[in-house]
Amino acid sequence: MTLFEGKNERFQGLLQTVDNSDISSIKTVVSGVMRIINDPRSTVKELKELIETDPPLTARLLKIANSAFYSLQRKVSEIEQAIVLIGFDELKELALSQKVCELFIKEERIQDYSRPLLWKHSIAVALLSKMIYRKEFGLKGDNIYAAGLLHELGIVIEDQFLHPQFIEILNAVHEGGRNLVDAETSVLGFHHAEVCGALLDHWSFPSEFVFSIVYHHSGFEQPQDFTSMVLTLYVSDCICHKNAIGYSDSPLQNDEAYRRCLNTLGIDETSVDVITVDLKKAMARVESRGFV
Amino acid sequence: MDGQTRELEAKVAFLETQAKHLANEMTLVKDEYERASRSYYELYSEMENKVLEKSQELKVMYRRLKEKNHLLEVILNSSPEIIYFKDEMSRFIEVNRMFTRTLGLSKFEILGKTYGEVFPDKPNAVLGDDSSVIGTGEAELHKTSLIETTRGRTPVLVDKVPYKDIDGKVVGVVGFVQDVSELKQAEEEILSSLKEKEILLKEIQHRVKNNIQVISSLIDLKSRKVQNREALDILNEIKNKVFTMALIHAMLFDADRFDRIDMKLFVSKLVSHLSQVYRSETRITPVLRCEDVFLSMKHAMPCGLVINELVSNVFKHAFKGRSEGRVEISLAQSDDGNVTVGIRDDGVGMGDRAARAPGAETNGSLGMKLATLIVRDQLKGSISVAADRGTSVEIAFRAVA
């Protein structure tokens with residue numbers, strides 16, 4: 001892919017560092033779930049085997065399955081039972097979110113930013129994007145859900161590996177009123193969407209997925225093939241910002257671009273209102289389960 | 001358009017959107033449900049196969065367990081001995097067929113109860129009290145007792161071993177009870193038969209002794225009529241030999257056991273007799289250095305004859321021309337059964353008697369020749385003679401019962 005050609009040395013070095021760090025621990029499970037999502041012949045057995053390669057994740061999922069939320073009649077002690085009782089699709093999403101969540105645990109707060117707030121934003125974007133896909137387009141939206149969870153991973157990477165520069169960037173955003181992407185580009189020479197896209201490309205994620213993350217701030221610049229995914233992610237990001245759900249990396253809203261995107265996607269204002277109501281309910285449910 | 005109409009229209013639009021969303025969701029859910037059903041069916045099939053597989057394994061294990069139980073039951077019930085298992089509270093947890101048959105009770109009347117509860121009016125310390133085996137974890141073997149059986153009071157031999165679980169903890173007792181009434185009867189018969197044979201043997205010994213004494217008396221009677229000195233010596237020698245044999249038989253007759261003739265006592269009696277027989281002007285002092293040596297008839301008779309020949313030789317020839325002399329007779333037996341006999345004198349030495357030494361059989365005396373032949377042929381031993389300031393004869397042979 002020519003997408004990341006010409007990036008500076010720091011960008012290449014950063015990718016190398018991330019690939020050798022604890023962040024890459026999510027690679028097996030996340031890419032495995034992505035493969036199951038994108039393979040119509042995949043079976044519940046494959047999901048079970050994938051989850052069982054990660055014992056802490058297995059234990060966490062079984063704990064969730066046995067929690068009061070699911071009110072199951074009997075105790076679940078195997079992933080097979082969890083799949084049957086909770087459901088294949090729900091467990092797939094649960095596995096994905098629980099695994100990605102591991103990277104957003106650190107509590108430190110810098111200006112408006114903290115990883116838990118960023119996680120809340122990510123999960124809201126994931127849920128909202130999926131709702132748009134299902135309710136508006138009649139599509140399953142598994143990929144867009146995963147993209148929503150991962151789309152801000154670049155920020156976590158900057159926070160972890162380029163921390164002094166990251167503080168500088170957040171100060172520029174907070175005090176100077178600048179857009180996060182612009183501040184990142186000016187300090188680092190690249191922005192978080194590019195970092196995340198390059199990493200997922202390196203991990204061999206589907207191209208549609210990589211493109212939607214790279215262009216989630218500038219949807220109209222991307223090749224036309226993946227328009228709906230990129231624009232949905234962008235629109236979801238804006239709606240979450242408007243409703244102040246979690247941390248938002250786009251403080252300067254371009255209302256015109258947002259409306260153009262809605263038009264292109266064929267979503268009217270009423271649909272946005274209905275979906276927003278549903279999102280708030282879904283977020284309340286997620287919060288009640290202690291996932292954010 | 002007024003505000004109310006706009007509000008109504010907005011509500012209608014909201015509901016229409018919700019309906020559209022619901023329709024889209026329904027289509028998706030239907031597809032997902034179909035796919036999930038297929039997946040669950042696969043999962044259930046797999047789980048069903050696993051259950052089936054496990055059931056088969058369990059069936060095989062159950063069958064093996066049943067076979068092992070059957071084997072144990074066959075072994076227990078085929079045993080001619082009474083076998084029982086008790087728990088740590090001394091309650092019967094299993095008994096074999098021989099147990100119920102011998103004691104005339106059903107398992108139902110025995111299991112779960114202690115010996116005292118099963119037989120309240122027949123206390124039995126050996127079968128009722130297992131505290132020692134349970135407390136120490138050590139077996140208690142070959143205890144004899146009497147128990148009440150369907151055939152009456154029966155002598156039994158009881159072996160009790162600790163019953164340990166797979167972790168080695170003592171959790172009860174396994175008992176083996178052997179009915180020894182037939183053995184007891186056989187033992188009594190053997191003892192009775194032995195007593196009978198003992199009496200018979202004593203009678204034979206008594207008769208042999210008497211016969212030898214008769215022979216000895218006859219020789220004595222005849223020798224009184226013999227005037228020839230040489231002939232008299234020969235008769236005396238024969239008489240001594242007969243005496244020796246009579247002495248051995250007498251000792252055998254007096255002994256508690258036929259296979260243990262007290263050779264120390266024999267030598268003492270023999271030397272005392274020979275001192276009397278060969279009493280002369282020469283004062284000969286016999287010195288006995290004998291240890292406790294016990295021999296069977298097989299070795300005692302030839303050994304006695306050899307000692308008789310050699311000591312007689314000393315009395316007759318060793319101190320010719322001397323006023324006194326000393327003869328030392330020693331007898332010893334090592335732990336591994338080797339017997340050594342020594343006859344040493346401080347007499348005139350072999351001198352012209354050298355030719356009487358063993359090996360010079362053609363010219364030796366009858367006594368020495370006889371001694372040599374007896375040692376070699378009957379005792380399978382060795383004899384050696386040394387002539388240095390007197391004569392010393394050493395005999396060695398192996399006497400193992």
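Below, chains carry the letters A, B, ... as their sequence lines are ordered, and counting in each starts from 1.
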Item to check | Spacing of A/L139 atom CG and B/L28 atom CG [to the nearest 0.5 Å] | outcome: 7.0 Å
Item to check | B/E34 atom CD, neighbour heavy-atom count above 12 within 6.0 Å | outcome: yes
Checklist entry - Which atoms of A/D273 come close to chain B, meaning under 4.5 Å heavy atom to heavy atom: side chain ones, backbone ones, both, or neither? => result both
Item to check | CZ/A/R60: more than 12 non-hydrogen atoms of other groups inside 6.0 Å | outcome: yes
Checklist entry - If you count the non-hydrogen atoms of other residues, nucleotides and ligands that lie under 6.0 Å from CD in B/Q4, is the total more than 12? => result no
Checklist entry - Quick check: are there more than 12 heavy atoms from other residues, nucleotides or ligands sitting under 6.0 Å from NZ of A/K27? => result yes
Next on the checklist: Tell me whether A/R134 is salt-bridged to B/E32, with the criterion being a basic N under 4.0 Å from an acidic carboxylate O.
Outcome noted: yes
Checklist entry - Between B/K50 and chain A, which part of the residue has a heavy atom less than 4.5 Å away: side chain, backbone, both or neither? => result side chain
Item to check | Crowding at CD, B/E67 (>12 non-hydrogen neighbours, <6.0 Å) | outcome: yes
Checklist entry - For B/M26, is it the side chain, the backbone, both or neither that has a heavy atom under 4.5 Å from a heavy atom of chain A? => result neither
Checklist outcome for this item: Rounded to the nearest 0.5 Å, the OG1 atom of A/T270 sits from the CD atom of B/E16 at a distance of 9.0 Å
Item to check | CG/B/D121: more than 12 non-hydrogen atoms of other groups inside 6.0 Å | outcome: yes
Next on the checklist: I need the minimum non-hydrogen distance between B/N24 and A/E136, along with the two atoms involved.
Outcome noted: ND2-O, 3.6 Å
